[in-house]
Amino acid sequence: MIALANLLGLLGLLGILVLILIYIIKPNFQQKFVSSTFVWKLSLKYRKKRIPINKLRNLLLILCQVLILTSCALILAKPVIRAEQPEEFTEKVIIIDASVGMKSTYNGTTRFQRAVGKARDLVNEVLDTDGGKVTIIVAGADAYVLDMTFLDEYGSEQTLDIMRLGGEYKDVIGDKLSLMYEEQQLGIDEYCTFGSADIEGAMILAEDVLDINPNCEVLLYSGTQYTNKGMVNVVDVKEAGERNAAILSGTATINEYYTYTFTVDVAVYGQDVPDVQVKFIAYGANSTLDNPSGFDLEPYIVTVNCLADQVQTVVFNTYTAFNDTEDSDVDYKISDQTVYNYDYVYVEIDAGNASTFVDVLPYDDSFYFYGGSTQPISVQYAATSPDLFTNTWLAVWQQTLSTKWNVNVTEVQQGQEYETEGYDIYVFEHEIPKTLPDDGIVIIINPDTFSPLVGLSSVGTVEVTDADWNAKYDIKTSNHKHPIMKHMSSDQFGVTYARPFTVDGAGWESLMTITYNDPNLEMDVTYPVMAVMNDPTTKIVVMGYNIHQADASLKTNFPLMMVDIFEYFFPATMTDFLYEIGETATFNSFSNSVDCSTPAYSVEHYSEFPASIYLDQVGTFTLTQSMLSGQVVSTKFYVKTPANESNILRTEDELEQPYVVKQTDNFDKDLLIWFAAALTALLFVEWWLQSRDQF
């Protein structure tokens, strides 16, 4: 559509009136003819031919002059072709922060409730305008467009999870936001995560709307402020009196005295509190074989001077001879209770002594330490001729694994009967039991005879070295990738003789082999001298050589292999016992299945390992499994909120911005050049018509 940018330029059309006035007052000259008849006739002849042309020329001349004046006026008025204008209406993208910080409660309402209330007011305002549209995004652990559920005119339940809802859904949106407000008031919260908000994901969703309407306004309702907000309008929903005391993190370490030291980082946000109390309690501490439950130690409380918004480190060193420190950055505290192991340790922070302090966020007021308990393992060692080297690596088990396992070894004395039930590990040397235990791990060393009971058959005794310890035959590691053999190689093992065997049953894996010349077969043969079976009901290791007559027993590799045997059948369930919301915990099992109990009292079952679980709840998770003996074993770990979420008054540097596609500039199209060209053409025509006056 053509429009005029400067309407005052039309005043130039007054020039047409001036032109007409000029023609009106212009003198009207009369032509006189001479009396000569010839000249008169000749003139009359030409006059009769030129009169029509002169009139047309004069009309064209006047028309050209009028058009010239009109063109000049239009040029002054700046004619343009107006660009197509988008439909004018109000549209908002409303992003509600649903992080754990939005659970902060002050004066009876949470930040999330205040955000929902403000969003509801804005929705009503926008949808009351003609063509108004809204999109509501909840930025929880994963951002999503808020779905709207309602009953249609036929009474059927309908769900809307689309963007850009208009005024026809005003009541539906209002009811949904009101329900969200009321549910959190009742303690029902399915919207806020216990971690950080997925602001980046929310901005990506907002981009889908901005691609359609780049003029849409994006609003973020949050308690977090940003130095650089960019194009996003951040609406602050926190209250002036909000405060928070928090335990940010903690670590447990074994010090040089083989006792535990517990370190926690604490902070108070929004206010100086000189008398913050930090309470430390150890449960199930110092358990022994005689007292497997340990003791619950008396609470130990320290007072910490916490300056606003500053992290203070508190160390509970349980070695009673430890001296205090002058270091001002770390507040060392001495407990008069020594802790060698523990079931769990509970730490709590309380800043309630300050009369004006209101702790708005309860999820970071406590902290749990796990991973300090030792699981008892009972081992029976039975041998017709006990070996000092076997006792040595059993002692290695006791010492090396002492931080996680309490290995109790029972040696069967000469003349006593060994047991085939009631133990976690059975070690038989020189003999194979008549009844194979089925409630534990069986390790058979240098058996004098083989029995079909274990699915193996002897092929005789082979002298591996001569009297001078010169190798006659090679014993090689046949499976380098097996977990039991990860510290062993073929050049690290030498024995005097070996008792190779054949495998008669399925499920066996060969770990070491010997290749020698069989005089009966008159050819080189290869047989296993070490094998393992690990299925759900049968777990056996057979070593067909005498440890006492093996040089490997004098090297570090052999004790490492024996530790690898233990860890192969009893892998560590977990190596970490502290996680943060949003992380994934990976665990293993020495059983066929594990049940995982969550803080919400739900139970998940796992049968394939290693297994993983996504952590979206704050609190203690418990992994329960049963050993072959039927003994139930529990492993616990703690999941905490992110430390930065405890700082409820924080200001971050830059807010994640939605990406807006830059559209081609849509300017008005200027027509000056075309009118200028027309003016030039009219001036030329007017000149040409004037020049024809002489003809």
Side-chain angles (χ1 to χ4, degrees), residues 379-387 389-390 393-394 397 412 418 420 423-462 464 473 475-480 482-488 490 493-516 525-550 552-553 557-570 628:
V379 180
Q380 177 187 256
Y381 172 43
T384 55
S385 178
D387 195 302
F389 289 101
T390 303
W393 62 255
L394 289 174
W397 275 4
V412 179
Y418 53 77
T420 56
Y423 287 87
D424 299 308
I425 300 177
Y426 301 85
V427 180
F428 296 98
E429 192 164 12
H430 299 300
E431 64 177 311
I432 293 179
K434 299 180 181 62
T435 302
L436 196 66
D438 59 2
D439 62 350
I441 312 302
V442 179
I443 300 176
I444 300 175
I445 303 172
N446 191 29
D448 296 331
T449 60
F450 283 87
S451 166
L453 187 66
V454 294
L456 304 177
S457 298
S458 175
V459 295
T461 301
V462 178
V464 181
Y473 305 111
I475 290 182
K476 295 183 178 181
T477 302
S478 58
N479 191 347
H480 295 284
H482 197 281
I484 291 178
M485 306 308 297
K486 63 185 180 182
H487 290 106
M488 297 295 292
S490 58
F493 201 84
V495 298
T496 303
Y497 66 89
R499 290 194 172 101
F501 48 83
T502 60
V503 176
D504 301 328
W508 285 96
E509 292 182 85
S510 175
L511 301 180
M512 290 184 180
T513 59
I514 183 173
T515 300
Y516 67 97
V525 293
T526 300
Y527 292 111
V529 292
M530 183 174 178
V532 61
M533 176 184 286
N534 183 16
D535 63 32
T537 58
T538 306
K539 301 178 185 294
I540 306 176
V541 176
V542 176
M543 303 164 61
Y545 47 83
N546 192 337
I547 298 176
H548 188 76
Q549 296 178 329
S553 59
N557 304 82
F558 185 78
L560 289 175
M561 185 186 74
M562 300 312 295
V563 172
D564 291 337
I565 291 176
F566 185 97
E567 292 181 343
Y568 175 66
F569 291 108
F570 295 99
L628 289 178

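Residues take their numbers from the sequence shown, with the count starting at 1.
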Min side-chain heavy-atom separation [X]-[Y] under 4.5 Å:
X	Y	value
Glu567	Pro483	no
Phe501	Val459	no
Val464	Tyr516	no

Enter the distance from [X]:[atom1] to [Y]:[atom2] here, rounded to the nearest 0.5 Å.
X	Y	atom1	atom2	result
Thr537	Lys539	OG1	NZ	8.5 Å
Asp424	Phe569	CG	CZ	13.5 Å
Glu509	Asn534	CD	CG	8.0 Å
Met488	Phe558	CE	CZ	7.5 Å
Ile445	Asp387	CD1	CG	8.0 Å
Ile565	Ile425	CD1	CD1	10.0 Å

Mark yes or no for whether [X], through its side chain, and [Y], through its backbone, hold a donor-acceptor pair below 3.5 Å.
X	Y	answer
Thr477	Asn479	no
Ser478	Leu511	yes
Trp397	Met562	yes

Margin query: Does Thr502 form a side chain to side chain contact (heavy atoms under 4.5 Å, CB included) with Leu456? I'd like the steps, not just the answer.
Written below: CA-CA 6 Å; Thr502 60; Leu456 304 177; over 6 Å; no
Check: For Tyr545 and Val462, what are the C-alpha separation, side-chain angles and deciding distance, and is it a side chain to side chain contact (heavy atoms under 4.5 Å, CB included)?
Finding: CA-CA 10 Å; Tyr545 47 83; Val462 178; over 6 Å; no
Next item on the list: Measure the acute angle between the ring planes of Tyr418 and Phe428, then classify it against the limits of 30° and 60° as parallel, tilted or perpendicular.
Entry: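 Ring orientation of Tyr418 relative to Phe428: perpendicular.
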Item checked: Sole residue of Glu431, Glu429, Arg499 in side chain to side chain donor-acceptor pair (under 3.5 Å) with Asn446 ->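 Among the candidates, only Arg499 passes.
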Check: Any chance the side chains of Asp439 and Tyr426 put a donor and an acceptor closer than 3.5 Å?
Finding: yes
Notebook entry, point to check: Hey, are Thr420 and Thr435 close enough side-chain-wise for a donor-acceptor pair under 3.5 Å?
Noted result: no
Nearest heavy-atom neighbours spanning [X] and [Y]:
X	Y	answer
Pro447	Met543	CD-O, 3.8 Å
Val412	Ala382	CG2-CB, 4.0 Å
Val529	Ala498	CG1-CB, 4.0 Å
Leu436	Pro433	CD1-CG, 4.2 Å
Pro528	Ser510	CB-OG, 3.8 Å

Next item on the list: Give the C-alpha distance, both sets of side-chain angles, the deciding distance and a yes or no for side chain to side chain contact (heavy atoms under 4.5 Å, CB included) between Met561 and Met530.
Entry: CA-CA 12 Å; Met561 185 186 74; Met530 183 174 178; 4.0 Å; yes
Margin query: Go through it in stages, so that I can follow the logic: the residues are Tyr568 and His482, the test is side chain to side chain contact (heavy atoms under 4.5 Å, CB included), and I'd like the CA-CA distance, side-chain angles, deciding distance and then a yes or no.
Written below: CA-CA 9 Å; Tyr568 175 66; His482 197 281; 3.6 Å; yes
